[in-house]
Participant: 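One structure is given below, represented as structure tokens, and several questions about it will come after.
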Amino acid sequence: MRFPFPRLAAASAGLALAVLATTAMAQTPVADTPAAKAKPVRSIPYVSITGDDGQQRHYETNAIPLLFNRACFGWRMYLGGPNRTITLTEVLTTSQPAEQVIAGPETEVSADKTKATTRMREVVQDGVLQRSWCIIPGDPPGTYTYDISIDGEPRGEFVFCAIEVPDQNPNTDPRELSCPNKFNSVERARPSSRKAS
């Protein structure tokens with residue numbers, strides 16, 4: 001597992017930080033015609049793959065092809081509100097241990113290399129928080145679950161399935177892969193404000 005310093009230390013699936021904010025994944029309103037409506041911004045899992053042509057293709061899916069140094073994956077959570085800094089706790093649990101684990105000081109990795117807990121400060125930009133990683137050799141197939149807490153409150157769960165691609169074909173479409181927990185991602189309701197008595 002590889003965690004570049006100091007940003008990502010999310011653990012045991014041998015995942016390297018690719019991008020902290022993937023602007024290509026952001027949805028923006030269409031303003032060309034008065035009748036056009038903006039797509040709603042929502043929380044999603046996603047995968048991007050760099051092809052032989054060097055172009056990156058983005059998919060809204062939680063099926064990760066284990067394409068070493070080509071496939072990246074992440075989650076985007078819509079929080080709303082102003083730009084701000086929050087405290088993020090991200091717990092990664094994998095169904096199998098990673099071969100490699102290199103983590104920064106913000107990540108604690110379990111002895112069996114199947115769980116990593118990252119605690120760090122992150123910036124919510126335009127109401128969105130997102131993180132992503134890239135697949136490296138040694139990342140195991142199976143289920144990767146991210147439990148997300150923001151400012152101490154549970155806010156979401158993203159469940160991915162990492163699937164072996166023996167031929168390492170960069171033209172693999174992750175939407176066509178068989179994933180037993182396809183889109184098993186949950187966004188928890190924002191905690192309601194507590195009124196002072």
Participant: First locate atom CG of Leu67, then atom CD1 of Ile136, and finally report the distance between them rounded to the nearest 0.5 Å.
Facilitator: 14.0 Å

Participant: Test your reading of the model: is there a side-chain donor-acceptor pair from Arg57 to the backbone of Gln55, 3.5 Å cut-off?
Facilitator: yes

Participant: For residues Glu99 and Lys113, report the shortest heavy-atom separation together with the two atoms involved.
Facilitator: O-NZ, 4.0 Å

Participant: Return the minimal non-hydrogen interatomic distance between Ser149 and Pro154, and the atom names on each side.
Facilitator: OG-CA, 3.6 Å

Participant: Do any pairs count as a salt bridge (Lys or Arg N to Asp or Glu O under 4.0 Å) and have a residue in residues 162-174, sequence neighbours left out, and if so which ones?
Facilitator: Asp173-Arg175

Participant: Judged by atom type as modelled, is there a donor-acceptor pair below 3.5 Å linking the side chain of Gln168 to the main-chain atoms of Leu66?
Facilitator: yes

Participant: Would you call Pro65 and Ile163 a side-chain contact if the rule is heavy atoms closer than 4.5 Å?
Facilitator: no

Participant: Does the side chain of Glu90 reach to within under 4.5 Å of the side chain of Trp75, using non-hydrogen atoms?
Facilitator: yes

Participant: Quick one: does Arg119's side chain get under 4.5 Å of Thr87's, heavy atoms only?
Facilitator: no

Participant: Within a strict 4.5 Å, meaning less than it, do heavy atoms of the Asp53 and Pro170 side chains meet?
Facilitator: no

Participant: Could you tell me which non-hydrogen atom of Ile150 sits nearest to which non-hydrogen atom of Leu88, and how far apart they are?
Facilitator: CG1-CD1, 4.5 Å

Participant: Please name the pair of heavy atoms, one in Gly142 and one in Ser95, separated by the smallest distance, quoted to 0.1 Å.
Facilitator: CA-OG, 3.4 Å

Participant: Look at the side chain of Ser43 and the backbone N and O of Tyr78, then say whether any donor-acceptor pair between them is shorter than 3.5 Å.
Facilitator: yes

Participant: Between Thr94 and Gln96, is there a donor-acceptor pair closer than 3.5 Å when you use the side chain of the first and the backbone of the second?
Facilitator: yes

Participant: Just jot down the side chain to side chain donor-acceptor pair (under 3.5 Å) partners of Asp52, sequence neighbours excluded, or say none.
Facilitator: Arg70

Participant: Give me the atom names and distance for the closest heavy-atom approach of Cys134 to Asp139.
Facilitator: O-OD2, 4.1 Å

Participant: Any side-chain heavy atom of Val159 sitting closer than 4.5 Å to one from Thr143?
Facilitator: yes

Participant: For Asp126, enumerate each residue passing the side-chain contact (heavy atoms from CB on, under 4.5 Å) test, keeping only those at least two apart in sequence or located in another chain.
Facilitator: Asn83

Participant: Kindly indicate whether the side chain of Ser132, heavy atoms from C-beta on, has any atom under 4.5 Å from the side chain of Tyr46.
Facilitator: yes

